[in-house]
Amino acid sequence: MSELVPNQADTFRCPWCLGFEKYIRYHDEEWGVPVYTDRKHFEFLVLESAQAGLSWATILKKREGYARVFHDFDYQKVAGFSQKDIESCMVNPAIVRNRLKIEAAVTNARKLIELQLNYGTFTDYIWGFVDGKPIQNEWKDLSMVPAATQLSNQIARDLKQKGFKFLGSTIVYSHLQATGIVNDHLVQCFRHQEVKRLTR
């Protein structure tokens, strides 16, 4: 695994990512990096809601399939999905064939567009909950990392009120972690400080 970080044979990573190369690369290159585009936020909303009841490893293995099925996460196109498109998704083994999750992706694309009318961008909306400044946590052990927080509770409630689907507090917290709104790399992980320096 040391080839992913040259000259760091003893590199420490958050233990959850160990298992296969795609998982490690996700941790090393994406997880916790601040996201400032609505398309990327939509991608994570789709993938994280699909994860509910499953492992993130399972979703990562299907990520390319999701990109194909959901037009590279173009929420404008996904918002226009017809019932026929949804039925096509239901027989496509490239993604998790769960009707509620697929319908939620379409609904959330439409709601994201509605939200843009009031907030300009989804990015401005969700970063507004932290005044644009990532929360820098200092966890030393995985057991300390929460599955949900008051912040994720607040955002989940607000999204539900706005009509978003399949985005409970735990899924929302995963979104905050993935998109760098919260830095939950363990302090001893080599990415903790790297991600911290990416703050605008």
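Just so you know, these numbers come straight off a predicted model, no measurement behind them.
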- Is the number of heavy atoms from other residues, nucleotides or ligands under 6.0 Å of Glu30 CD greater than 12? yes
- Indicate yes or no for a side-chain donor-acceptor contact from Asn137 to the backbone of Trp139 under 3.5 Å, with no hydrogens or angles considered. no
- Distance-only, no hydrogens or angles: does the Asn108 side chain make a donor-acceptor pair with backbone N or O of Phe164 under 3.5 Å? no
- Pairs satisfying side-chain hydrogen bond (donor to acceptor under 3.5 Å, both in side chains), at least one member in residues 143-153, at least two apart: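 For residues 143-153, and leaving out neighbouring residues, the side-chain hydrogen bond (donor to acceptor under 3.5 Å, both in side chains) pairs sorted by first residue read Asp141-Ser143, Ser152-Ser169, Asn153-Ser169.
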- Message: Taking the side chain as everything from C-beta on, heavy atoms only, tell me whether Cys89 gets closer than 4.5 Å to Val69.
- Response: yes
- With a 4.5 Å limit on heavy-atom distance, are the side chains of Trp16 and Trp31 in contact?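 Yes, their side chains come closer than 4.5 Å.
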Please name the pair of heavy atoms, one in [X] and one in [Y], separated by the smallest distance, quoted to 0.1 Å.
X      : Y      : value
Thr107 : Gly163 : CG2-O, 3.6 Å
Tyr173 : Ala147 : CB-O, 3.5 Å
Ala105 : Val78  : O-CG1, 3.9 Å

With sequence neighbours excluded, what pairs up with [X] under the side chain to side chain contact (heavy atoms under 4.5 Å, CB included) test?
X      : answer
Lys77  : His71, Asp74
Asp72  : Arg39, Ala67
Asn98  : Val96, Leu100, Lys101
Thr179 : Val35, His41, Phe44, His175, Ile181

Under the salt bridge (Lys or Arg N to Asp or Glu O under 4.0 Å) rule, what pairs show up with a residue in [range], not counting sequence neighbours?
range            : result
residues 144-169 : Asp158-Lys162
residues 102-114 : Lys111-Glu114
residues 78-87   : Glu87-Arg99
residues 120-131 : none

- Item | Other ILVMFWY residues reachable from Leu117 by side-chain steps of under 4.5 Å | none
- Task: List, by chain and then residue number, the residues other than Val195 in its hydrophobic cluster (Ile/Leu/Val/Met/Phe/Trp/Tyr, side-chain heavy atoms under 4.5 Å); write none if there are no others.
- Result: none
Can you tell me how far the [atom1] atom of [X] sits from the [atom2] atom of [Y], to the nearest 0.5 Å?
X      : Y      : atom1 : atom2 : answer
Ile113 : Asp38  : CD1   : CG    : 10.0 Å
Cys14  : Leu186 : SG    : CG    : 4.0 Å
Leu159 : Gln154 : CG    : CD    : 10.5 Å

- Task: Describe, in one word, how the ring planes of Tyr125 and Phe122 are oriented to each other, choosing from parallel (under 30°), tilted (30 to 60°) and perpendicular (over 60°).
- Result: tilted
- Item | side-chain hydrogen bond (donor to acceptor under 3.5 Å, both in side chains) partner of His185, chosen from His27, His192, Arg13 |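 When His27, His192, Arg13 are each tested with His185, the side-chain hydrogen bond (donor to acceptor under 3.5 Å, both in side chains) holds only for His27.
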- Residues in salt bridge (charged side-chain N to carboxylate O under 4.0 Å, His left out) with Lys40, at least two apart? Glu43
- Message: Between Leu142 and Val187, is there shared hydrophobic-cluster membership here, with clusters defined by ILVMFWY side-chain heavy atoms closer than 4.5 Å?
- Response: no
